Amino acid sequence: MLNRNLIGGEWIAAHAATVNSSPSDTSDIVGEYASADTQDVENAIEAAANAFPAWSRTTPEFRSDILDRAGNEIIARQDEIGRVLAREEGKTLPEAIGETVRAGRIFKYFAGEALRLEGERLDSVRSGIEVELIREPEGVIGIITPWNFPIAIPAWKIAPALAHGNTVVFKPAELVPGCAWIITDILARAGIPAGVFNLVMGKGSVVGDAIVKSNRVRAVSFTGSVATGRRIGIGCMERGKKVQLELGGKNPLIIAADADLDVAVNVAINGSYFSTGQRCTASSRLVVDDSIHDVFVERMVAAMSRLKVDNALKAGVDVGPVASSSQLAQDLAYIDLGRKEGAKLAFGGEPLQLDTEGYFLQPALFIETDNTMRINREEIFGPVASVIRVRDYEEAVAVANDTEFGLASGICTTSLKLTSDFKRRSQAGMVMVNVPTAGVDYHVPFGGRKASSYGAREQGKHAREFYTALKTVYIRP
Ligand code: NAD
């Protein structure tokens, strides 16, 4: 069954397959999964287009019940699904189970949102006329996702799309078909009508491209790298499609002179290295006040030397492997570049040979860096962070905002004055005070500014901006 895509309510065998192996142990094969061709994609889009009229007219309660059943099953099977996630992506088992539960909660949240879609009624500026604002589903939505949150990101796109009456063609990242297949199987058994939700696993250049180019897909929600996202954005714009892009980050975490250092070290370790640093919201730039720089670095190094890097499935592991050999090569190339740029490694940065053959990397902390270095300007997307020493808070804010990205930012401080100043001046879409830059709630908006995001926000009730079209109606009764 794994080698099949769900198209028009049928599990359809593909002509090709990819082998999904674990980055913790390359001999651990998670499964052989279908790799769709353009005809499969066309069939999926056709099915979604045909299913749209009836699905868009179902009652909110009907859609809500399906999403709620799916959410309940995901939560009930959290250990088993979390294990597949940890095996295929490499985050630790507790992190993977946490992400699974979050995905279940997202489905349940949007089960509620299906019931809360509202419009507005106003009096016209002209006498005797009423004005109504109605929200309607867009139609067929293409959903294209990255590998680093294999169940949560698909969930936070699929659930609102379906809740608001759209039909879906879903293309997960090639590295993580396992979670995508499980979500699809759960939705199919939760009672989703044929064609409303379609899974097409396969290559971005084939499947993703066909989704973007199809005239029958009304809107594309994409999360992934800046380069791919921009290409997709242009492709959508050329065809008059709505598009939403969630892209990279180079997120700053300011450690102010008055920070509680226990809090600061915990927040930095979590934000920089948990989930192997492979989070778009990871704290990759630690902007540290000169007065506490040395003691902060010393305590970071002590904390990093206690981090256990190993197979994601082992108990007590803090940091799993890097997700793939190509991502490991990219991380190592940036570590090499950092050294060449004059930065010094205070800790880590070496590949690790462990009991199993996997892509293990000792978390790395660069010091003596400045904000012009490429390691501080480009997204590395691994367990690599830099310390940037600053004179004072003013310089810290300037450095924090001096980036082409604007996804998340953070500050560790005990001062209400700095908190309230930074939350206003930060140019990021999400600002964290004494909490890690990574790790967000599912019932409030998620997204960034500048090169990090394009289009409407995701998650929470604001997700409706993307997944519905606003219609203005004038009535003379
Ligand atoms: P990626 O851009 O390589 O791939 C993302 C998806 O796009 C995959 O499903 C891929 O198959 C598909 N794709 C690739 N080429 C395509 C094409 N030509 N047409 C259509 N689809 C295509 O990203 P990735 O390596 O999977 O993920 C890592 C990136 O994702 C990082 O840059 C990270 O910052 C970003 N990310 C952003 C957020 C956010 O919300 N801002 C969240 C997680 C990850």
Side-chain angles (χ1 to χ4, degrees), residues 18 33 35-36 38 41 88-89 91 99 142-157 169-177 179-180 199-214 217 220-236 238-239 241 243-251 275-284 322-331 334 378-382 403-408 428-430 437-440 442 445-459 463 466:
T18 51
Y33 288 86
S35 188
T38 49
V41 185
E88 72 176 352
E89 197 273 347
K91 64 185 61 170
E99 185 186 330
I143 291 178
I144 303 177
T145 55
W147 48 260
N148 63 330
F149 283 92
I151 194 160
I153 293 178
W156 82 52
K157 294 179 190 294
V169 175
F170 169 43
K171 188 229 129 13
E174 294 94 305
L175 273 184
V176 288
C179 288
L199 170 71
V200 272
M201 298 176 281
K203 287 199 171 77
S205 55
V206 177
V207 177
D209 188 63
I211 290 172
V212 172
K213 289 189 174 148
S214 166
V217 174
V220 174
S221 179
F222 170 87
T223 298
S225 62
V226 174
T228 307
R230 285 189 176 163
R231 200 172 322 130
I232 288 175
I234 291 167
C236 287
E238 278 172 350
R239 293 167 181 84
K241 277 191 222 310
V243 66
Q244 171 182 61
L245 307 172
E246 289 298 342
L247 309 171
K250 197 71 200 173
N251 311 292
S275 297
T276 321
Q278 297 171 150
R279 297 188 282 191
C280 50
T281 46
S283 320
S284 47
V322 172
S324 66
S325 60
S326 59
Q327 187 61 50
L328 179 61
Q330 176 171 314
D331 296 348
Y334 271 111
E378 298 169 19
E379 184 180 52
I380 299 173
F381 216 58
T403 166
E404 73 166 301
F405 296 105
L407 190 54
M430 296 175 288
T437 54
V440 294
Y442 56 84
F446 176 96
R449 297 182 185 172
K450 295 154 89 178
S452 291
S453 296
Y454 182 87
R457 285 282 188 268
E458 301 204 78
Q459 302 197 58
F466 183 73

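Counting starts at 1 for both ligands and their atoms, in listed order. Quick caveat: nothing in here was measured; it's all calculated off a predicted structure.
For atom 32 (O) of ligand 1, the nearest non-hydrogen atom of the protein is Glu379 OE1, 2.6 Å. Among all non-hydrogen protein atoms, the one lying nearest atom 27 (O) of ligand 1 is Pro146 CB, 3.3 Å. The nearest protein atom to atom 19 (N) of ligand 1, hydrogens excluded, is given as Gly204 O, 3.4 Å; this is a heavy-atom distance. Scanning the protein heavy atoms around atom 8 (C) of ligand 1, the nearest turns out to be Thr145 O, 3.3 Å. Among all protein heavy atoms, the one lying closest to atom 42 (C) of ligand 1 is Cys280 SG, 2.8 Å. Scanning all protein heavy atoms for the shortest distance to atom 24 (P) of ligand 1 gives Trp147 NE1, 3.5 Å. Among protein heavy atoms, atom 11 (O) of ligand 1 sits closest to Glu174 OE1, 2.7 Å. For atom 14 (C) of ligand 1, the nearest non-hydrogen atom of the protein is Thr228 CG2, 3.5 Å.
Judged by the shortest distance from any of its heavy atoms, Ile153 lies inside the 4.0 Å radius around the atoms of ligand 1. The shell of residues lying under 4.0 angstrom from ligand 1, judged by heavy atoms, excludes Gly229. Heavy-atom distances between Phe149 and ligand 1 stay at or above 4.0 Å for every pair.
One N or O on the side chain of Ser452 and one on the backbone of Gly248 form a donor-acceptor pair closer than 3.5 Å. Formation of a donor-acceptor pair under 3.5 Å by the Gln330 side chain with backbone atoms of Ile380 is found in this model. Of the possible polar contacts, none joining the Asn251 side chain to the Ser284 backbone as a donor-acceptor pair under 3.5 Å is found. Distance alone, capped at 3.5 Å, is enough to place a donor-acceptor pair between the Gln244 side chain and the Ala456 backbone.
Residue Ser205 has no N or O atom closer than 3.5 Å to an N or O atom of ligand 1. Considering both main-chain and side-chain atoms, Val226 never comes within under 3.5 Å of ligand 1 through any nitrogen or oxygen pair.
Looking at Glu99 and Ser275, their side chains never come closer than 4.5 Å, going by heavy atoms from C-beta outward. By the 4.5 Å heavy-atom criterion applied to side chains, Ser35 and Val207 are not counted as neighbours. Pro150 is listed as a side-chain neighbour of Glu88, based on a closest heavy-atom distance under 4.5 Å. Here the side chains of Leu407 and Met430 are in contact, with some heavy-atom distance below 4.5 Å. Residues Glu246 and Ser453 meet the side-chain proximity criterion, which asks for heavy atoms closer than 4.5 Å. Between Arg279 and Phe149 there is a side-chain heavy-atom pair separated by less than 4.5 Å.
Ring orientation note: the planes of Phe381 and Trp147 are nearly perpendicular, at an angle over 60° on the 30°/60° scale.
Contact atoms of ligand 1 toward Leu407: 41 (N) (distance under 4.0 Å to a heavy atom of the residue). Near Thr223, meaning under 4.0 Å from one of its heavy atoms, ligand 1 places the atoms 5 (C), 36 (N), 37 (C), 38 (C), 39 (C), 40 (O), 42 (C), 43 (C), 44 (C). Close approach of ligand 1 to Arg231 (heavy-atom distance below 4.0 Å) involves ligand atoms 18 (N). The distance from ligand 1 to the heavy atoms of Glu246 drops below 4.0 Å at these ligand atoms: 37 (C), 39 (C), 40 (O), 41 (N). Heavy-atom contacts of Asp209 reach the following atoms of ligand 1: 19 (N), 20 (C) (cutoff under 4.0 Å). Atoms of ligand 1 lying under 4.0 Å from at least one heavy atom of Lys171, given by number and element, are 9 (O), 10 (C), 11 (O), 12 (C). Shown in contact with Asn148 at under 4.0 Å from a heavy atom are these atoms of ligand 1, numbered in order with element: 43 (C), 44 (C). Annotation for ligand 1: atoms under 4.0 Å from non-hydrogen atoms of Leu247 are 34 (O), 35 (C), 36 (N), 37 (C), 38 (C), 39 (C), 41 (N).
Between the side chains of Thr437 and Ser283, at least one donor-acceptor pair of N or O atoms lies under 3.5 Å. Side chains of Lys250 and Thr403: a donor-acceptor N/O pair is absent below 3.5 angstrom, by distance only.
Under 4.0 angstrom from ligand 1, there are no non-hydrogen atoms of Val207. Counting heavy atoms under 4.0 Å from ligand 1, residue Glu458 does not touch it at all. Residue contacts with ligand 1, taken as heavy atom pairs separated by less than 4.0 Å, involve Ile232 solely via side-chain atoms from C-beta onward. Contact annotation for Pro172 and ligand 1: only backbone heavy atoms (N, CA, C, O) come within less than 4.0 Å of the ligand.
The distance from atom OG1 of Thr145 to atom NZ of Lys171, rounded to the nearest 0.5 Å, is 7.0 Å.
When the heavy-atom distances from atom 2 (O) of ligand 1 to Gly224, Gly202, Ser225 are ranked, the shortest goes to Ser225.
Exactly one residue among Val243, Ile143, Ile144 makes a side-chain contact (heavy atoms from CB on, under 4.5 Å) with Phe222. That residue is Ile144.
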Yes or no on salt bridge (charged side-chain N to carboxylate O under 4.0 Å, His left out) for Lys203 and Glu174, after CA distance, side-chain angles and deciding distance? CA-CA 6 Å; Lys203 287 199 171 77; Glu174 294 94 305; over 6 Å; no

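The presence of a protein heavy atom under 4.0 Å from atom 4 (O) of ligand 1 is ruled out.
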